[in-house]
Chemist: 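Would you mind keeping the following structure in view while I ask a few things?
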Amino acid sequence: MKQYHKIIAGIILTIGVSACTDETLLSYSVEKPESLIQYEYLNNYDVLKSYVDRAKYPDFKLGLAIVAGDFNSKGAQYEIAKNNFNEITAGNCMKYSSCVRDDGSMDFSTVEKLIKTAKSAGLTLYGHTLAWHSQQNNTYLNGLVLQEGETLPVQIYNIDYSVVTDKYIWHQPESEPVSITDGYLVIKNPSVKEVWGVETIIADEIKTTIGDNYMAYIKMKSSGAGSAKVLFTNWGKPAVEQNIAFEEGEQEIAIQVDNIQTDNTFMLMQSGSFAGTLQIASVRVSQKGGVGEKKYVSLIENGDAEGEKTDNYRKQGAGTYGKPIIGEAGTGSDGKGHAFIIESPANQVNGWDTQFFLTSNQVLKAGDKVHLSFKYRADKDTPNIGTQSQGNPTEYIHWDGGAGISFTTSWQTFERTMTISADQAGTNGMKTIAWNLADCKEENTFYFDDIVFEREEIVEGGTNEGSSMEEKKEILIQAMDTWIGGMMQACGGYVTAWDAVNEPLSGTDIDGDGFFDLQSATRNTVSENDKKSNFYWQDYLGDVDYVRTVVKLARKHFAETGGNPNDLKLFINDYNLESTWDDNHKLKSLIKWIEKWEADGVTQIDGIGTQMHISCNMNDEYQRDQERHVVQMFELLAKTGKLVKISELDMGLIDDGAPEENKIPNSNNIKTECLTFVQHLAMADFYQFIVSKYLEIIPVEQQYGITQWCSTDSPVESGWRANQPIGLWNLQYQRKPAYAGFANGLAGETIAEPDLK
């Protein structure tokens, strides 16, 4: 390997040595013994973001991937991100399975809190990800495309601790009381005990039937990795027991419960063997094999304004409250019928001084899924009319009612399926959506017609006749529309860059056209295990329409929910684009696919994300080849003219010649604790190489930025590159030589050119 670390001594003298300006938590404080003196130079480095030359790279985003729970609680990741970076990416909380329940209802409360916390820290948020085949809610999506004779699971129980705040929770021991705090059922255990030493009923009154089969889902976060036992039982009755394992951070755990032994069941969690804090967000139970049918129940009457009934519609303005005007024939959207008319005077102080109220016949609670559509226009163009959620009209609950619109003088159609959030429902439930028509400061007249307001219900006793492929495509396009619309609504225009589609390509050329095909369960480009665990949208929407649909819906909903369309940047994100084994062929294939997706002249993909989950190799020949392909990747990306983002950079270390006890079992990857100082410096050199080559090869106008995927090394129990040295900080939040290499690359320090021949 080229020993780039020989340059480090010179760099230390020229890099602008000053006292470390990190928070105390983040500094690399070194105590003698002498073996650690060699790391003391790291204290001379400033925070990472200080090394970005803003005059030269004004739009460059320096990003960090975070766990939403830790970041929202303003823990260590919050401090690292705030001090060193200017953008964050959530590892999981913005993915489909984290937000969409088995019944299709959606919960964006964690996303909304993340946005609020990011704003307070002065950080932008990168969206990861709108469409993917992994981490989908397979129960819900497979239920939408059932084959003839298949059955849809019926959700029989759902408790959400962001809504339920005053429930009695049985637990033992009493010396460690549980609580419902900040939207979680909180279980604390200070020390390891027998597993049954801490017991908590996390869900009760579940209407089960002896002998039936169920799926349970626990949405939770944990202060660390561990295990517990969950019992499905009732006092004095036989129990079905399941062991569960969990990781640090937010997650959803699925538990299969076959042949249940009680008619009415509670879920008892035994967690004494885990010392730490568990926070239960929600528990859901669905019956396997139960036949269910979805239907929409109307919440209003006379939505077309053709009758005289106006119980569901009210207005206020100019100091009066009452019924809206039903216009004369010809005022309706078809030019013949009637419309609801609301007049708004000029120069009102507050947006809510004139409002139009749409009120449901039913109280809507958090998690309820509703479908809303209507036609609308105004006498004058009026952008950005906001909405509120309310109880009865004028009983304010939340500033966002989920139906903000911009009026033009021509009739437009609004349509959205959305999930009522905890904020919108408030304590007693939501009934009303109120449009703040006085957001328009001019005198104006507004028209509403053909209003549909429905709530989705799942009822027992339905049958499934199966759907054609064309019908399934339409069903899934609607599901994608609902998902993207809900996410964009939750983000409110704050998230302006997204992985529109994540990891679409396989590493296989099935059709023989010379380029890798998309991942697919039907064309056998994925493993049998992946077929079972993932949901491949492209198998229903088609390879071309899949990406086009996502891009179209993202742009549509971003504009509808407060975003400036000119600000939105949509990326295709994939891995192994720098790979040596295929001579960058996956990247070449992706570039070809982007040409196909954009061939309609409408679809616009703004950028390409390259993940770069890489390893530094102590074999000189392998390392030089790897560096050559990194350079070749950047050159290919630069030629596309697209924005380029290193989206998920992290690094391990491979040393074939190291003792076996130093390696991760069944690999040549070195364990974190076994890394030598020389190996640390080799990794620092490779980080510096990658960052500096990105800045050198990618034109400034195409540089989106670089996101470091792991702030710290991976714990032994981690599900991601366990016990590998993949962070810029160690597990004690001390800087590593990798930090210096990253900083040197950002600072534009020159390093030896690799042999590219």
Side-chain angles (χ1 to χ4, degrees), residues 94-106 108 129-153 155 286 292-296 369-371 373 415-419 454 456 458 462 464-489 498-506 517-523 525-526 530-558 570 572 593 596-597 600 602-603:
M94 300 179 84
K95 293 174 181 173
Y96 193 92
S97 63
S98 297
C99 303
V100 181
R101 301 186 177 102
D102 285 358
D103 63 354
S105 63
M106 297 183 293
F108 296 105
T129 173
L130 292 177
W132 194 19
H133 56 266
S134 183
Q135 290 184 246
Q136 306 300 285
N137 187 313
N138 293 1
T139 299
Y140 173 63
L141 292 173
N142 285 324
L144 294 178
V145 291
L146 293 173
Q147 303 298 322
E148 185 173 358
E150 291 183 318
T151 57
L152 181 68
Q155 182 172 293
S286 296
E293 179 182 42
K294 293 185 179 181
K295 69 174 184 178
Y296 280 96
K369 187 174 181 180
V370 297
H371 173 250
S373 67
E415 184 166 12
R416 179 171 299 148
T417 302
M418 58 186 178
T419 302
E454 306 171 307
E456 183 185 89
I458 299 179
N464 175 58
E465 298 177 355
S467 303
S468 67
M469 281 304 295
E470 210 43 51
E471 289 170 328
K472 290 175 182 178
K473 180 176 180 178
E474 290 303 314
I475 290 168
L476 287 175
I477 288 174
Q478 181 58 51
M480 184 70 79
D481 181 74
T482 300
W483 155 244
I484 294 177
M487 178 59 81
M488 291 296 180
Q489 176 188 329
W498 290 86
D499 289 331
V501 178
N502 195 44
E503 301 177 0
L505 264 65
S506 70
D517 301 305
L518 266 58
Q519 301 208 48
S520 167
T522 59
R523 283 162 294 169
T525 61
V526 298
D530 283 347
K531 290 179 185 179
K532 295 175 183 177
S533 58
N534 297 329
F535 185 89
Y536 294 90
W537 294 81
Q538 53 267 46
D539 287 345
Y540 300 94
L541 273 57
D543 289 348
V544 174
D545 283 351
Y546 168 46
V547 174
R548 287 180 179 175
T549 298
V550 175
V551 170
K552 176 183 176 182
L553 294 175
R555 297 197 186 281
K556 170 179 178 285
H557 288 296
F558 181 78
L570 299 177
I572 306 296
W593 274 105
K596 287 185 182 182
W597 294 323
D600 61 354
V602 177
T603 302

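Computed from heavy atoms alone, side chains included, the values below leave out hydrogens, waters and symmetry copies.
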Chemist: Look at the side chain of D539 and the backbone N and O of A521, then say whether any donor-acceptor pair between them is shorter than 3.5 Å.
Modeler: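 Yes: the side chain of D539 pairs with the backbone of A521.
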Chemist: Quick one: ring pair (Phe, Tyr, Trp, His ring centres under 6.0 Å) partners of W132, sequence neighbours excluded?
Modeler: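 Expected list: none.
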Chemist: Of the options V526, T525, T522, which is the one that meets Y536 in a side-chain contact (heavy atoms from CB on, under 4.5 Å)?
Modeler: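 Single side-chain contact (heavy atoms from CB on, under 4.5 Å) partner of Y536 among V526, T525, T522: V526.
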Chemist: For D530, give me all partners under salt bridge (charged side-chain N to carboxylate O under 4.0 Å, His left out), at least two apart in sequence or on another chain.
Modeler: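 Salt bridge (charged side-chain N to carboxylate O under 4.0 Å, His left out) list for D530, sorted by chain: empty.
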Chemist: Quick one: side-chain hydrogen bond (donor to acceptor under 3.5 Å, both in side chains) partners of S105, sequence neighbours excluded?
Modeler: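 With sequence neighbours excluded, S105 shows a side-chain hydrogen bond (donor to acceptor under 3.5 Å, both in side chains) to R101, D103, given in chain and number order.
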Chemist: Listed by chain and number, what are the salt bridge (charged side-chain N to carboxylate O under 4.0 Å, His left out) partners of D517, not counting sequence neighbours?
Modeler: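 Partners of D517 under the salt bridge (charged side-chain N to carboxylate O under 4.0 Å, His left out) test: none.
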Chemist: Closer than 3.5 angstrom, by distance alone: can the side chain of T129 be matched with the main-chain N or O of D499 as a donor-acceptor pair?
Modeler: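 Yes, T129 side chain to D499 backbone: donor-acceptor pair under 3.5 Å.
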Chemist: Please enumerate all residues that pass side-chain hydrogen bond (donor to acceptor under 3.5 Å, both in side chains) together with S533, with sequence neighbours excluded.
Modeler: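 With sequence neighbours excluded, S533 shows a side-chain hydrogen bond (donor to acceptor under 3.5 Å, both in side chains) to no residue whatsoever.
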Chemist: Is there a donor-acceptor pair closer than 3.5 Å between any side-chain N or O of W597 and the backbone N or O of D543?
Modeler: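 A pair under 3.5 Å: yes.
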Chemist: Measure the spacing between CZ of F108 and CE of M488 and express it to the nearest 0.5 Å.
Modeler: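 The CE atom of M488 is 10.5 Å from CZ of F108, to the nearest 0.5 Å.
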Chemist: Taking side-chain hydrogen bond (donor to acceptor under 3.5 Å, both in side chains) as the definition, give me every residue that meets it alongside D481, ordered by chain and number, with sequence neighbours left out.
Modeler: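 Listed in chain order: H557.
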Chemist: When rounded to the nearest 0.5 angstrom, what distance separates CD1 in I475 from CG in L144?
Modeler: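 Nearest 0.5 Å value for the CD1-CG distance: 6.5 Å.
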Chemist: How would you list, by chain and number, every residue that makes a ring pair (Phe, Tyr, Trp, His ring centres under 6.0 Å) with Y546, sequence neighbours excluded?
Modeler: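 Residues passing ring pair (Phe, Tyr, Trp, His ring centres under 6.0 Å) with Y546: none at all.
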Chemist: State the CG-CG distance between L570 and L130, to the nearest 0.5 angstrom.
Modeler: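 CG of L130 is found 7.5 Å from CG of L570.
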Chemist: By side-chain hydrogen bond (donor to acceptor under 3.5 Å, both in side chains), which residues pair with W537, not counting sequence neighbours?
Modeler: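 By the side-chain hydrogen bond (donor to acceptor under 3.5 Å, both in side chains) rule, W537 matches Q136.
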Chemist: For K531, give me all partners under salt bridge (charged side-chain N to carboxylate O under 4.0 Å, His left out), at least two apart in sequence or on another chain.
Modeler: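 Salt bridge (charged side-chain N to carboxylate O under 4.0 Å, His left out) check on K531 returns E528.
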Chemist: How about F535 and Y140: are their ring centroids closer than 6.0 Å?
Modeler: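 For F535 and Y140, the ring centres are not under 6.0 Å apart.
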Chemist: Taking atom NZ of K596 and atom CZ of R548, what is their separation to the nearest 0.5 Å?
Modeler: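 Here the interatomic distance stands at 10.5 Å.
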Chemist: Are the side chains of M469 and Y540 in touch, meaning some heavy atoms are under 4.5 Å apart?
Modeler: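 Sidechains of Y540 and M469: in contact.
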Chemist: Looking at every non-hydrogen atom in both residues, tell me the closest pair between P504 and I572 and how far apart they are.
Modeler: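 Answer, listing the atom of P504 first, then I572: CG-CG2, 3.8 Å.
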Chemist: Measure across E415 and H371 and return the closest heavy-atom pair with its distance rounded to 0.1 Å.
Modeler: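 Taking E415 first and H371 second, the nearest heavy atoms are OE2-NE2, 2.9 Å.
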Chemist: Distance check, rounded to the nearest 0.5 Å: L141 atom CG versus D102 atom CG?
Modeler: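 So the CG of L141 and the CG of D102 are separated by 10.5 Å.
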Chemist: Residues two or more places apart in sequence or in another chain: which of them pass side-chain contact (heavy atoms from CB on, under 4.5 Å) with T482?
Modeler: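 T482 satisfies side-chain contact (heavy atoms from CB on, under 4.5 Å) with M106, K369, T417, Q478 once adjacent residues are dropped.
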Chemist: Under the side chain to side chain contact (heavy atoms under 4.5 Å, CB included) rule, what do V370 and M418 come out as? Steps first, then yes or no, please.
Modeler: CA-CA 6 Å; V370 297; M418 58 186 178; 3.8 Å; yes
Chemist: CD of Q519 to CD of E503: how many Å apart, nearest 0.5 Å?
Modeler: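 Between atom CD of Q519 and atom CD of E503 there are 7.0 Å.
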Chemist: Indicate the atoms forming the closest heavy-atom contact of W483 with V100, along with that distance.
Modeler: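 Minimum heavy-atom contact is CE3-CG2, 3.8 Å.
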Chemist: Quick one: salt bridge (charged side-chain N to carboxylate O under 4.0 Å, His left out) partners of K473, sequence neighbours excluded?
Modeler: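 Residues passing salt bridge (charged side-chain N to carboxylate O under 4.0 Å, His left out) with K473: D545.
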